[in-house]
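First up is the structure itself, then whatever we jot down about it.
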Amino acid sequence: MISQFFILSSKGDPLIYKDFRGDSGGRDVAELFYRKLTGLPGDESPVVMHHDGRHFIHIRHSSLYLVVTTSENVSPFSLLELLSRLATLLGDYCGSLGEGTISRNVALVYELLDEVLDYGYVQTTSTEMLRNFIQTEAVVSKPFSLFDLSSVGLFGAETQQSKVAPSSAASRPVLSSRSDQSQKNEVFLDVVERLSVLIASNGSLLKVDVQGEIRLKSFLPSGSEMRIGLTEEFCVGKSELRGYGPGIRVDEVSFHSSVNLDEFESHRILRLQPPQGELTVMRYQLSDDLPSPLPFRLFPSVQWDRGSGRLQVYLKLRCDLPSKSQALNVRLHLPLPRGVVSLSQELSSPEQKAELADGALRWDLPQVQGGSQLSGLFQMDVPGPPGPPSHGLSTSASPLGLGPASLSFELPRHTCSGLQVRFLRLAFRPCGNANPHKWVRHLSHSDAYVIRI
Amino acid sequence: MTDSKYFTTNKKAEIFELKAELNNEKKEKRKEAVKKVIAVITVGKDVSSVFPDIVNCMQTDNLKLKKLVYLYLMNYAKSQPDMAIIAVNSFVKDCEDPNLLIQALAVRTMGCIWVDKITEYLSEPLLKCLEDEHPYVRKTAAVCVAKLHDINAQMVEDQGFLDYLWGLIADSNPMVVANAVAALSEISESHPNSNLLNLNTQNINKLRTALNKGQIFMLDCLSNYNPKNDRKAQSICERVTPQLSHANSAVVLSVVKVLMKFLELLPKDSDYYNMLLKKLAPPLVTLMSGESEVQYASLRNINLIVQKRPEILKQEIKVFFVKYNDPIYVKLEKLDIRIHLASQANIAQVLAELKEYATEVNVDFVRKAVWATGRCAIKVEQSAEHCVSTLLDLIKTKVNYVVQEVIAVIRDIFRKYSNKYESIIATLCENLDSLDEPDARSAMIWILLESFLEGFHDENTQEQLTLLTLVQQMLTLATQDSDNPDLRERGYTYWALLSADPVTAKEVVLSEKPLISQETELIEPTALEELICHIGSLASVYHKPSNAFVEGSHGIHRKHLPIHHGSTDAGDSPVGTTTATNLEQPQVIPSQGDLLGSLLNLDLSLPINVPQVSSMQMGAVDLLGGGLDSLVGQSFIPSSVPATFAPSPTPAVVRSGLNDLFELSTGIGMAPGGYVAPKAVWLPAVKAKGLEISGTFTHRQGVGWILESSLTGVIPSTPLAIHTPLMPNQSIDVSLSLNTLGGCEKQYRCLLLQLPQPTQCAFVEGGKMEHQVFLATWKNIPNENELQFQIKECHLNADTVSSELQNNNVYTIAKRNVEGRDILYQSLKLTNGIWILAELRVQPGNPNYTLSRKCRAPEVSQYIYQVHNSILKN
């Protein structure tokens, strides 16, 4: 059971503090937590900490610390699950989770906590159930506008741009403006994939995996039925085969418990009656065998003259996406040997940018078209202790501290697994209103895309 | 209107303002005011002074306002119980409210108020609520019973609340069931002997049917159940396996725990067993796709699982590739697991990765990668060659911390493969100058000297002499110039050993070095089994048994894996059966007799000291008591047995079990009456892989202190031979050859005991101060150095106190009688020359003494007090 729950800002100020059992140290505990967290040696984990008979378990979410304490040997997993569920709930109710929204809605947050936990025992975390009990309305900072396209991004996904749908529309409280029914008829369905890749210095692929999610945020009245049709060739596991082609294969799938799978076997259709708010409908993963080539390949060549300390790195980046597609916000991050000072560069196109930041080379490519090839030549001086007597020749052995290169990027309208949402059909017909808006978006982004040099 | 501006107010007038607003006529205003108050509470300010005004707001039919008021009451009810009484009428009224939200709110809040008067009012509405038609009220009421029990346990039992709770277990609403079970289990935990949670087969079936609700609690209960045969185990496994694909990681881990336990019961060659192993891998892999916090907790659990059953994940080593953007704590865990999974088949891949990791930026991670490379060499013999060359490559990077770590690791490789890689010493020596860390330096010294010793006979005389001179010089330096007492004493020990008994010295110093083994980094099997039973809990994340960090009743119960009974075994018995306990008992007593016998044989001159024998008898009583407790207590938590005396099915536990409990004494005897501190555990079993050493010092008049020790977990082939008493600051190295029942000698080799110096042993004789000197010193020491203590419950008179203390080198200088009280002035001296003066006031009839101490070094006073206290009480 849980003794306390609190939310701290990134600076450690308590925003919310709730004691459920009254058996432990008062609010100094929040301060103690922050002190312990910041004073932890590098090789110890801050996730679960123990102090004086009390355990702190926390997650970081939107730069806030959500912390629970307990004095029992409970499952840290259920606490971590609870914390991330709480983060979603608070986001649903307050619009989004952040220092500002929390401190604007203190009373609402306490009311929620009161219903979610009693005497440290979890009661319910369902948005739907809680709706019956919660009285306070969320305070939002400014009215939302569908036309506010300035900050475009997917809800939840920490990406900057997708240019598909106005995401601020998705970040509003599920319960706000009860009277204003017309605004609510929207559904957002996202297929988001995270790609992690590790390529050895000889170019061989060491590891690739894709972790995908289908996420739904619904502003429709709860319980309205919808059907999500997935690619028909979608198959699960190594052995299954569907259709004539190679199929869209994943290794593992798990569904939210509310998903009805009656039509999944036959037609790859998911049926569900989602509650209002955010919901992860399906999670899947795929490793090793990608149906399509990797989006990027990097061909580095390094020239290093140990004697003079001159380091020359030539990077050639090829984008193997289909020519219609493009990658956005591509950034290459290459750690450099300690003490690199100067940088001279020759880039293949003007919109690119490269700079030294935090001892690493940062090469920004705002947009990379499928099939294109870009290159950059970088020259640096590495001072520091002169190496062993120079042979006077430039050697190709790379100096210590160089690499590995990591890429971050977003691939809008692209899924690495090939999975697509064929259709999203709503059984719900609002009386007198226009059809609900349906937004279906596909996106892949890099999780860790590492190329060793 | 937003709440954020409430954070900014900071004036004294604020309270008055709030009060005014709280009494405003308009409901809206009042609501805003309460909101403000709540925001103020969060910043940590005290607003308890508006309590009465808040209570006034309570009488409203506005639900929003009411909820806010209750938020306030919850916060202050516990700390301001007196004020909460004002609200009692409103509480009772709200408990009967037609609106179920208000009803539940009132019941919930009342349970948090620690005032008997309120609980009296509470019981009646609570009984009604337990039978309310709406599940929301019932589930709130169920939790409230647990709260009430915390305040007034008697009332809960007298008024039949527990029967209501049992009734709610069969409720139609899952939330009500869950809360009822939670409440019952919490109540039963506070009564370890009660029979509240009776887990008989019938109830188990009930819980099993309820499994569809995915309750982790139920799974946990299930894992405590010991099925009577493998068919039953298999049927439970079949039922829980589908839950492995549950989206909630907590559920997945609970299922994994159940399966890991029941795998023990299944025949190893059955198809089902192998299929189950295959089924365990994918959910564990899926856990790796969560948030990094969940990943970390999962990795800690996977770490346990791969140590127990590496076959489950042997194909999945790719999952534990370290990602560039993993937090450092996830990276380190992944490395650990990769080492556990390393085998001949994948070693090349593992090593290639490790080499990459060793060039990363994070120092902790790089060190761990280097260390892991060394582990590989020790674990997979075929790879040693490859590992060594990888390590040599790393040395060439000349990065200081890499080089140092490499050298420390190479020492371990040398210990495993002696005479194989001596050729690389030259490379190591090139880096001699850059070594500045103690670990690396000592490793280098070890490697160098070891290589000299190997070839000692082949060297010419001059070199041999040089080496010997060095030894001589080192001993001199260590004993004479060093300020470190540990070092000095070790030096003296060797010196004394060499001068007194060269034969023994040879045995000690030149004994065969045991091989280092890969197991050194593994968790000791007994501990591992216990941790496996705690998969998914905090214990599994800390890798410590729960009694190491949770206080209370849980501490005394230790879980272990069940035994494979085979299908014919009958009986639904809990783990740690009655029969086992009974069998164990007769073995206890003979071994005690043997001990006494051996003690008598050992004893040289004087009879065995009385306190020791009595302490052993105490031990016997404990053992029996523990056994009985387990007989009584087992109906409550089936798989639990008392920790130390766990009759266990696994050989690992037997090793440290009762059979091997023995004691050694070297007692020459002691003056009767001297205080003997109870044996303290110097080396807990957890730290020393099962070996436990405990001991105490006894005082013998005019001689010094005698070491008594006992070891648990090993059997000595010869008795511990310390025949002379130890003087303070004297150190004796004793060689004791130990036989263990398992083949684990190697683990104990590098065991260096550092004994805490018992303070009472530090009182030296001759601590008697001259009368005049005493007076002068007492006056000279500033008053702020005086510390007062109470010694409670001591029933000696002044004279006995004085002689008792005299036996322990605390000397009475003078005695005065003031107003019927005896005042004793005492002095004592510590081995390090610190004088301590004390004044002890004894009042006849009053068992509490006052002790004032003056000393120039006040920091020692606390310890002295403890010694004083314990001397007088014995």
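Residue numbers start from 1 in every chain, and the chains themselves are labelled A, B, ... in the order their sequence lines are given, proteins ahead of strands.
Of the atoms belonging to Met49(A), it is backbone heavy atoms, and not side-chain ones, that fall under 4.5 Å from chain B. For Arg194(A), the part sitting under 4.5 Å from any heavy atom of chain B is the side chain, from C-beta outward, and nothing else. With a 4.5 Å cut-off on non-hydrogen atoms, His333(A) touches chain B through its side chain but not through its backbone. For Thr70(A), the part lying under 4.5 angstrom from a heavy atom of chain B is the side chain only. Looking at Gln211(A), the atoms closer than 4.5 Å to chain B (heavy atoms on both sides) all sit in the side chain, from C-beta outward. Residue Leu206(A) touches chain B through both its backbone and its side chain, counting heavy-atom pairs closer than 4.5 Å. Heavy atoms of Val450(A) lying under 4.5 Å from chain B belong exclusively to its side chain. Heavy atoms closer than 4.5 Å to chain B are found in the backbone of Val122(A), but not in its side chain.
Under the 3.5 Å distance criterion, the side-chain polar atoms of Arg283(A) are left unmatched by any main-chain donor or acceptor of Ser289(B). At distances below 3.5 Å, at least one donor-acceptor pair connects side-chain atoms of Lys67(B) with backbone N or O atoms of Phe133(A). Judged by distance alone, with hydrogens and angles left aside, the side-chain atoms of Ser75(A) form a donor-acceptor pair with the main-chain N or O of Gly536(B) at under 3.5 Å. The backbone N or O of Asp447(A) sits less than 3.5 Å from a side-chain atom of Asn325(B), completing a donor-acceptor pair.
A 4.5 Å side-chain heavy-atom check between Glu293(B) and Arg60(A) finds at least one atom pair inside the cut-off.
A salt bridge is absent between Lys139(B) and Asp118(A); no separation between the charged side-chain nitrogens and carboxylate oxygens falls under 4.0 Å. Note on Arg452(A) versus Glu353(B): salt bridge recorded, some NZ/NE/NH1/NH2 to OD/OE distance being below 4.0 Å. Contact check on Arg108(B) versus Asp114(A) returns a salt bridge, with a Lys/Arg side-chain nitrogen under 4.0 Å from an Asp/Glu carboxylate oxygen.
Between the side chains of Glu81(A) and Ser249(B), at least one donor-acceptor pair of N or O atoms lies under 3.5 Å.
Between the CD atom in Gln123(A) and the OH atom in Tyr136(B) there is a gap of 8.5 Å [rounded to 0.5 Å]. Once rounded to the nearest 0.5 Å, the distance linking CE of Met288(B) with CG of Asp209(A) reads 11.5 Å.
Between Tyr542(B) and His50(A), the two ring planes are tilted [angle within 30° to 60°].
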